[in-house]
There are 2 protein chains.
Amino acid sequence: MFEGSNIAKKYKLKECECPSGKMTRFVEPCLLFFLSQQPSYGYELMDKLDQFGFQKSKPDPAMVYRTLRSLEKEKCVVSKWDTKSAGPAKRTYELTPKGLALLHAWADGIGLRKQALEKFLKLYQERFKGRK
Amino acid sequence: MFEGSNIAKKYKLKECECPSGKMTRFVEPCLLFFLSQQPSYGYELMDKLDQFGFQKSKPDPAMVYRTLRSLEKEKCVVSKWDTKSAGPAKRTYELTPKGLALLHAWADGIGLRKQALEKFLKLYQERFKGRK
DNA sequence: TCATATATATGATAAACACATATAGAAGAT
DNA sequence: ATCTTCTATATGTGTTTATCATATATATGA
C-alpha cells in the first residue's frame with residue numbers, strides 16, 4: 001500500500017497526492033502510465049487516452065496540455081522540443097523517478113476507488129437484481 | 001445499457017446526466033441508492049456515506065445538503081420536515097420515480113467507470129508486476 | 001494555393017469541491 | 001437554572017477542475 005511507504009517519502013509525495021477518492025484528474029495517472037511505457041507528446045497521448053473510455057472520444061486538449069505542463073512544474077516529467085520528426089514541432093515528455101512514484105501512488109488510490117465502485121455495484125445489484 | 005433506453009427518455013434524462021466519465025459527484029448516486037432503500041435525512045445519510053470509503057471519514061456536510069437540495073430541485077427526491085421524532089427537526093427525503101431512473105443511469109455509468117479502472121490496473125500490473 | 005491534418009497553447013467560463021462558519025433545538029451534566 | 005455537547009440544516013467564500021472557444025503555426029495532400 002501507499003500509506004507509509006518510503007517511496008512516497010523519498011519523493012515527498014503527500015499521502016496521498018493523488019485525489020483518487022474522487023475520480024477527477026483521471027487523465028493524470030493515464031498520462032503518467034503511458035509515459036512510463038515510452039516518451040511521448042501531447043497530441044499522441046490524447047489519442048491513447050481514448051482506450052480508457054472517457055465519455056468523449058477525444059479528451060479535451062486543454063486538459064491534456066495543461067496536465068502535462070503541471071506535471072512538469074512538479075518535476076514528474078521533463079520535456080524537450082522535437083523538431084526533427086515529421087510535422088509541426090512536438091514537445092516530447094519523459095517520466096522522471098518522481099513521476100513514477102506518483103504513478104504508483106495513483107495505482108494504489110485507483111485500486112481503492114475500484115473497490116468502492118464494486119461495493120456500490122454489489123449493493124445496487126442486490127437491491128435491484130432482475131427488476132429494474 | 002443506459003444508451004437509448006426508454007427509462008432515460010421517460011424521465012427526460014439526457015444521455016447521460018450522470019457524469020460518471022469522471023468520478024465527481026459520487027455522493028449523488030450513493031444518496032440516491034440509500035434513499036431507494038428507505039426515506040432518510042441529511043445527517044443520517046452522511047454517516048452511511050462512510051461505507052463507500054471517501055477519503056475523509058465524514059464527507060463534507062455542505063456536499064450532502066447541497067446535493068440533496070439540488071436533487072429536489074430536479075424532482076429526483078421530495079422532502080418534508082419531521083418535527084415529531086427526537087432531536088432537532090429533520091428534513092426527510094424520499095426518492096421519486098425520476099430519482100430511481102437517475103440511480104439506474106448512475107449504476108450503468110459506474111459500471112463503465114469500473115471497467116476503465118480495471119483496464120488501467122490491468123495494464124499497470126502487467127507493466128510493473130512484482131517490481132515496483 | 002487552398003483546405004486539411006498535425007501540434008501546442010491560453011482565455012474565459014462553468015462546475016465541483018473544500019473549508020469555514022452560522023443557526024438552533026434537544027439532551028444531559030453540574 | 002445554565003452550560004456544554006450532540007444533533008441537524010444551511011450558506012458564504014475561495015480553490016481546484018473541467019469545458020468551451022479560440023488562436024497560432026507548420027506540414028501535407030489535392
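A, B, ... follow the sequence lines: proteins, then strands. Residue 1 opens every chain.
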Atom CG of Leu71(A) and atom P of dA9(C): how far apart are they, to the nearest Å? 14 Å
Look only at the side chain of Thr92(B) and the backbone of Lys80(B), and say whether a donor-acceptor pair between them is shorter than 3.5 Å. yes
Would you kindly give the NZ-to-P distance between Lys90(B) and dA26(C), to the nearest whole Å? 10 Å
I'd like to know if the side chain of Lys119(A) and the backbone of Gln51(B) have a donor-acceptor N/O pair within less than 3.5 Å. yes
Would you mind reading off the distance between Glu28(A) atom CD and dT17(D) atom C1', rounded to a whole angstrom? 12 Å
Any side-chain N or O of Tyr43(A) under 4.0 Å from OP1/OP2 of dT8(C)? no
Which is more 5' along DNA chain D, the nucleotide nearest Asp60(A) or the one nearest Ala89(A)? Just name the residue. Asp60(A)
Rounded to the nearest 0.5 Å, what separation is found between the CD1 atom of Ile110(A) and the CG atom of Leu103(A)? 8.5 Å
What integer distance in Å separates Leu45(B):CG from dT7(D):P? 15 Å
Over how many whole Å does the gap from Lys48(A) atom NZ to dT6(C) atom P extend? 16 Å
Where the side chain of Trp81(B) is concerned, which of dA9(C), dG25(C), dT9(D) is the nearest nucleotide? dT9(D)
With nearest nucleotides of DNA chain C determined for Met63(B) and Pro61(A) from heavy-atom distances, which residue corresponds to the more 5′ nucleotide? Pro61(A)
Does Lys122(B) pair with Glu118(B) as a salt bridge, N-O distance under 4.0 Å? no
From the list dA7(C), dA10(D), dA16(C), which nucleotide is the closest neighbour of the side chain of Arg25(B)? dA16(C)
Taking the side chain as everything from C-beta on, heavy atoms only, tell me whether Lys114(A) gets closer than 4.5 Å to Phe120(B). no
Could you state the OH-P distance from Tyr65(B) to dA10(D), rounded to the nearest angstrom? 7 Å
Pick the nucleotide of DNA chain C nearest each of Gly87(A) and Gly87(B); which residue has the one closer to the 5' end? Gly87(A)
Taking any heavy-atom pair under 4.0 Å as a contact, classify Arg66(A): base, sugar-phosphate, or nothing. base
Atom CG of Leu68(A) and atom C1' of dA9(C) are separated, to the nearest Å, by 12 Å
Could you work out which one of dA7(C), dT28(D), dT9(D) sits closest to the side chain of Ala86(A)? dT28(D)
When all nucleic acid strands are considered with a 4.0 Å heavy-atom cut-off, which category describes Ala62(B): base, sugar-phosphate, or nothing? base
Nucleotide nearest Pro88(A) when distance is taken to its side chain, options dA18(C), dT9(D), dT6(C): dT6(C)
Gap between atoms CZ and C1', on Phe26(A) and dT19(D) respectively (whole Å): 19 Å
So, OP1 or OP2 of dA10(D): does either fall under 4.0 Å of a side-chain N or O from Arg91(B)? yes
